[in-house]
Amino acid sequence: MGGLPDSDRRPEPAQRGRLPEVRGHRATPSRPGRAGRRSSSRGQMFAPVSSKPDFVAQEHALLALWRDRRTFAKLRAQNADGPRWSFLDGPITANNPMGVHHAWGRTYKDVFQRYHAMRGECQRWQNGFDCQGLWVEVNVERELGFTSKRDIEEHGVAEFVSLCKQRVLTFAARQTEQSIRLGYWMDWDDPDQLRRLRDLLAADPGATVTVDGPRGPVTDTVEMIVGRLGMPDVGGSYYTFSNENNDLIWAFLKECHRRGWLYKGHDTMPWCARCGTGISQHEMTEGYQDREDPGLTVRLPLVDRPGEALLVWTTTPWTLTSNVAAAVGAGLAYVKVRQGSDLLWIGKGALKQALVGPFEILEERVGAELEGWRYAGPFDELPAVRAAFAAGTPSGAPYAHRVVTWDEVGEEEGTGIVHIAPGCGAEDFALGKSLGLPMIAPLDESGIFIDGFDALSGRDVRDVTDHIVERLRHHGFFYRLEPYLHRYPHCWRCGTPLVFRLVDEWYISMGDVYDRPRAELTAAEVDASLRYQIMEVVDGIRWIPSFGYERELDWLLNMHDWMISKKRYWGLALPIYDCRACGAVEVIGGRDELKERAVEGWDVLEGHTPHRPYVDAVRIACPSCGAPVERIRDVGNPWLDAGIVPFSTLHYRTDPEEWANWFPADFITESFPGQFRNWFYSLLAMSTVLRREPPFRTIFGYATLFGEDGRPMHKSWGNAIEFDEAAERMGVDVMRWMYATARPDDNILFGWHAADEARRELLVLWNVYSFFVTYARLAGWSPERPAPPLAERRLLDRWILSRLAAVSARAGDLLGDFDLLAAAREISGFIDDLSTRYVRFSRRRFSRSDDEADRDAAFATLHAVLVGLSRVMAPVLPFLGEALYRNLVVAADPSAAESVHLTTWPAEELAGYRDTDVEETMDQVYRATELVRSLRSQSGIKLRQPLARVWVALPGTELRYREDALALYAEEVNVKHVEVLADGSELVDRRVKPLLPKIGKKLGGAIPAVMAAARAGEVEIHADGSVTLAGVTLAPDEVEILATPRPGTAVAHDEGLVVVLDTVVTPELRAEGDARELQRAVQDLRREMVLDLDERIGLVVEAGPAAGRIAGHLPSVAVETLADSFDVGALPSGSATGSATVQDGVLRFAIVRRVRPNA
RNA sequence: GGGGGAGUAGCUCAGCUGGUUAGAGCAGCCGUCUUAUACACGGCCGGUCGAUGGUUCGAGUCCAUCCUCCCCUACCA
């Protein structure tokens, strides 16, 4: 269990922790009793930290710790009186284990909630599960091996519905466990409890059971407890199958009905023959797939023009059975062509694609002239067709196939003449309705031809193409058949190609679409059209990214009426009572109302949740004719279930005051694809109907997760990664970091390589932490040791503390603005600065003992930085943050908050560290350091080799903290003296850099000349700092003065910063460099020997000229390598030896151990 | 067919309201530092910023057209 401190096993402090002290040193060092107890011997303060952490093991240990200590409960209690921040969770479908794509969204949800918790805000922390609908049904069917609705009916609807509930409980438990593993803090149910309820439900739903709720034990039947999950007395996640959820949807539907928006539509709809239900417009997009269909061209002989025929084209041959008309474009040109003995009518523009073989044009007419021509249909002798035609048109006259005109007809595909079957296509239906054509509906709900179609009757629509083609050939209707590839709608759930069926479905009217811009509409017009009311609600919401706003409006403007019915079993029971006797429609607004209105069957429903089949038993009296009326058998669209949650989960009905405290939600976040027409839409629609106000203030959307290869994750493609596997192999902090550093509005490519990159970044941080603890233990340093006040610390210390303050302020603002990516980038940049600049620059300060005050300052600084960082990163990286915090703070200070997640956001506390002058100074020093490194690299002089002198020219601005900065610089670049070059130096020139953004507009066309002068150095610098270039005078704040090297000097420069390095290595410098070389070689050998970091040694250096030259430096080598003694002479036999490359060859040495290994 | 987004190094992506010399990480090559020792750092390599025009003193950035990919949307049989 990597890195988890021993102190975890100490008993928990009784009082609630105060915040850890991170400022400088403590005013009162410590209470004597405690200090005596633990830090008298070194190494007791911080638990050792491996530089090779096992993140996964650590995460498991921390999960156990949080569970045992009830840390989350403490957080909730701590914030109970804070200002409210309302997050509303979009329900996850409890139908399968959760995937890594869910983990992406859940990372956002967790990060923002944790951040607001650190702001002391009170939250609800309620997760949601989506429970009802075809998703679950299909999986239960699959498990049972069912292939049709008949199987369900035979199995028994009650049992089937129970199995659906059980499946939901199974996967709610599973997803709960997975979410907890992710570190997602919510008010989770106990997964074992969920499974227990599932088993009890299977055994006996009517048995009485008692469960623990937040307000005490709750006793009810198993079925009713399941129906009450998520409600205040039972607690935990909300479930959309809950009684309250269903009840409130009933109230919503009743309100729609009251306003006259609910209606029954008779229309030709996309239909899934396998699922036996219609598919609404909202569900269509997901199902479009490329598909090859038969492209069939058919001859239709004209009755009154012997020998002539129309050519029509279809990709759905089965619909020819129900053909009633052929449509032409009134204004399009049509031609009669001769092909062999055939005389065919066809659209002029369709000649090329529709005809095969040579032809001759005989005649041309516009479409309007063809109107009314009668033709013989291909299936005229079928009883169903004869019956429909005999019944005729609304006027009563018998009907015959004829040509009609339609303005939708085009010539780009097909023949320019469109086969019309109003019972088999939505547009055909609309046309047929407007012209009063007969309707022939050939299919039953399973896609089987009904009676009246002779040989076809009883056959599956998916399997009749060959038969139909054969028949057409036989009767002379066939012209041509060739495969046709197109996008065709499929069932989004089971993948079956859809057919169109004439059915009754229930809709909520979205109201008129006006042909004027919204701004010009009157209030009355808006009041009359729900879609515009929803748009007004959308206006009041902040959409991130902003294009979401336009997309939602676009959908609202174009959407059709909302089809809410489904001819299925598991779901919301639509509370619609459609009187067969008189046609009156009644909608019931809740369970209580139903009980009141019931005239029979209430006893059947009593004790059950409002689901099929029990709810079907209840009848009410028709308010209009008094006849007993049954509920329609349909269930509801599942987005009704999810859309009502701002009301059902916030207790709109039972506790309006509490509801008002949490409504509207401050924040929701979900993956964008699909939700504009689904959850976002249903939330908006339902809130608009019930309240006419936004259900949430801000919505943050993100894109889609793909495999590493950029394709959707797919098991058979080998690019799929299961959540559990990812969690246990890469660790969830690594996963969360990947998500945090991904652009939300772009698709994310998820894979093991990306995880390695993310881990590497976190390892850098971990290594800083490991470094700190390693040396703090060696030095016996503890946070209680007095440290110099900030003003007396080194520049480097003040710099990193200032950076920390800046980062916590910025990251906080960014998280508050829902910009996790930018916040993560702040943290990432800080980790880089901390590791590559701060620790790298100050490494020696932690190990040496000659300046204790400075050493303590370094420890105190790095400690404060790591503690501060642990808090800043806690929302994003809850495990790493906690690991650092517990070892760095809790282990040392039992009075501190026991978890980083119980601390507050540190920005305000740290603000005093901010010093932008220090930051600017350090940036210059750092850049100048890089230049020296570059020069050393070019001239082949190792950084280890001291040099005598470096000259530095700085940009025109003044270097602040000059002495400190230069001292630091000298040390860092390993030179004896640093000289700052003045303006008059012969090594550099002063150049002027005009600041284009400031002067661009003003100067316009004069710019090329000014820039050329600046480049050439033709500049006049005036006493007040202004300059004249090419006759143009610029103010001091319009230019920057830079240094540039004069030609011919060996220098490095960058944006006005110039360094000149004296590369002469004198014998003295060389000796010193060789000593450093020796020192490094000794350290190398120590490492090879695996000596303890603080193990003392004896050092023997082989006698010779080299040893002689460096003799003067040997004492310091000894100090640095922890040698108690050093000798120059023959190397003792049997000891470990090494060698260092020095000026004139190789210098050998030996290390003599003071203690025996394993002693 | 309409609407939106995107096209920047071999790969993944930065690049703010236009500012002159386009950056990072990874990969590759070469080095460096080091009691953070299976860590880290630097350098090199690599881009006609999808194409073509235009606006402008100046365009990866703004405009137009076209090409490619993705998403949304659509009644094309």
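Below, chain A is the first sequence line, B the second, and so on; all start at residue 1.
- To the nearest angstrom, C1' of A40(B) lies 20 Å from CZ of Phe772(A).
- Ring pair Phe771(A)/Phe846(A): centre-to-centre distance below 6.0 Å.
- Heavy atoms of Arg837(A) sit nowhere under 4.0 angstrom from any nucleic acid atom.
- Comparing C75(B), C41(B), A36(B) by their nearest atom to the side chain of Asp832(A) picks out C41(B).
- Closest to the side chain of Lys52(A), from the set A77(B), A38(B), C72(B), is A38(B).
- Residue Thr836(A) places its side chain closer to A40(B) than to any other of C75(B), A40(B), A74(B).
- Counting any heavy atom pair closer than 4.0 Å across all strands shown, Thr704(A) reaches no nucleic acid atom.
- Checked against U34(B), U73(B), C57(B), the side chain of Arg1080(A) finds its nearest nucleotide in U34(B).
- Side-chain polar atoms of Asn323(A) and Tyr375(A) form a donor-acceptor pair below 3.5 angstrom.
- Per the geometry, CG belonging to Leu553(A) stands 14 Å off C1' belonging to C72(B), to the nearest Å.
- Out of U12(B), A36(B), A77(B), the shortest distance to the side chain of Leu749(A) is found at U12(B).
- Atom P of nucleotide U12(B) and atom OH of Tyr739(A) are separated by 19 Å, given to the nearest angstrom.
- At a threshold of 4.0 angstrom between heavy atoms, the contacts of Val312(A) with the nucleic acid are absent.
- In this structure, the nucleotide among C26(B), C33(B), A36(B) sitting nearest to the side chain of Asn767(A) is A36(B).
- Cation-pi geometry between Arg759(A) and Phe55(A) is not met at under 6.0 angstrom from the ring centre and within 45 degrees of the axis.
- Where Asn558(A) and Lys942(A) meet RNA chain B, the nucleotide closest to each residue was compared, and Lys942(A) sits on the side nearer the 5' end.
- Between Arg760(A) and A40(B) there is no side-chain polar atom (N or O) within less than 4.0 angstrom of OP1 or OP2.
- Both Tyr926(A) and Val768(A) lie near RNA chain B, and the one whose nearest nucleotide falls closer to the 5' end is Val768(A).
- In this structure, Arg551(A) does not reach the G5(B) phosphate: none of its side-chain N or O atoms is under 4.0 Å from OP1 or OP2.
- Nucleotide A36(B) forms no Watson-Crick or G-U wobble pair with any nucleotide shown, as no partner meets the under 3.5 Å limit on both distances.
- Arg759(A) has no side-chain polar atom (N or O) that falls below the 4.0 Å cut-off from OP1 or OP2 of C39(B).
- Between the C1' atom of C75(B) and the CZ atom of Phe500(A) lies a distance of 9 Å, rounded to the nearest Å.
- The listed nucleotides are C70(B), A77(B), U34(B); the one nearest the side chain of Trp313(A) is A77(B).
- Here the nucleotide nearest the side chain of Trp555(A), chosen from A74(B), A77(B), A36(B), is A74(B).
- The CD-C1' distance, from Glu761(A) to A40(B), rounds to 14 Å in whole Å.
- Among the protein residues, Val1010(A) comes within range of no part of the nucleic acid, since none of its heavy atoms lies under 4.0 Å from any strand.
- Within 4.0 Å (heavy atoms only), Ser770(A) reaches no atom of the nucleic acid at all.
- No donor-acceptor contact under 3.5 Å links the side chain of Thr316(A) to the base of A77(B).
- The partner of G47(B), taking Watson-Crick or G-U wobble pairs whose two distances both stay under 3.5 Å, does not exist in any strand shown.
- A ring-centre distance under 6.0 Å is found for Trp104(A) and Tyr702(A).
- Distance Met559(A) CE to G2(B) P: 24 Å, rounded to the nearest Å.
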Verdict with reasoning, Thr319(A) to Thr316(A), per side chain to side chain donor-acceptor pair (under 3.5 Å): CA-CA 6 Å; Thr319(A) 62; Thr316(A) 48; 3.2 Å; yes
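- If you run side chain to side chain contact (heavy atoms under 4.5 Å, CB included) between Ile999(A) and each of Leu1034(A), Val1039(A), Val1032(A), only Leu1034(A) comes through.
- Taking the charged nitrogens against the carboxylate oxygens, Glu757(A) and Arg760(A) have no contact shorter than 4.0 Å, which rules out a salt bridge.
- Glu757(A) comes within contact range of the sugar-phosphate backbone alone, with a heavy-atom separation under 4.0 Å but no base atom that close.
- Look at CH2 on Trp318(A): it is 13 Å from C1' on A77(B), rounded to the nearest Å.
- G25(B) is paired with C11(B) under the criterion used here, namely a Watson-Crick or G-U wobble arrangement in which both key atom distances are under 3.5 Å.
- The partner of U68(B) is A6(B), judged by Watson-Crick or G-U wobble contacts that both fall below 3.5 Å.
- Searching all strands for a Watson-Crick or G-U wobble partner of G60(B) with both distances below 3.5 Å returns nothing.
- Rounded to whole Å, atom P of A38(B) lies 17 Å from atom CG of Asp54(A).
- Judged by Watson-Crick or G-U wobble contacts below 3.5 Å, the nucleotide C41(B) has G31(B) as its partner.
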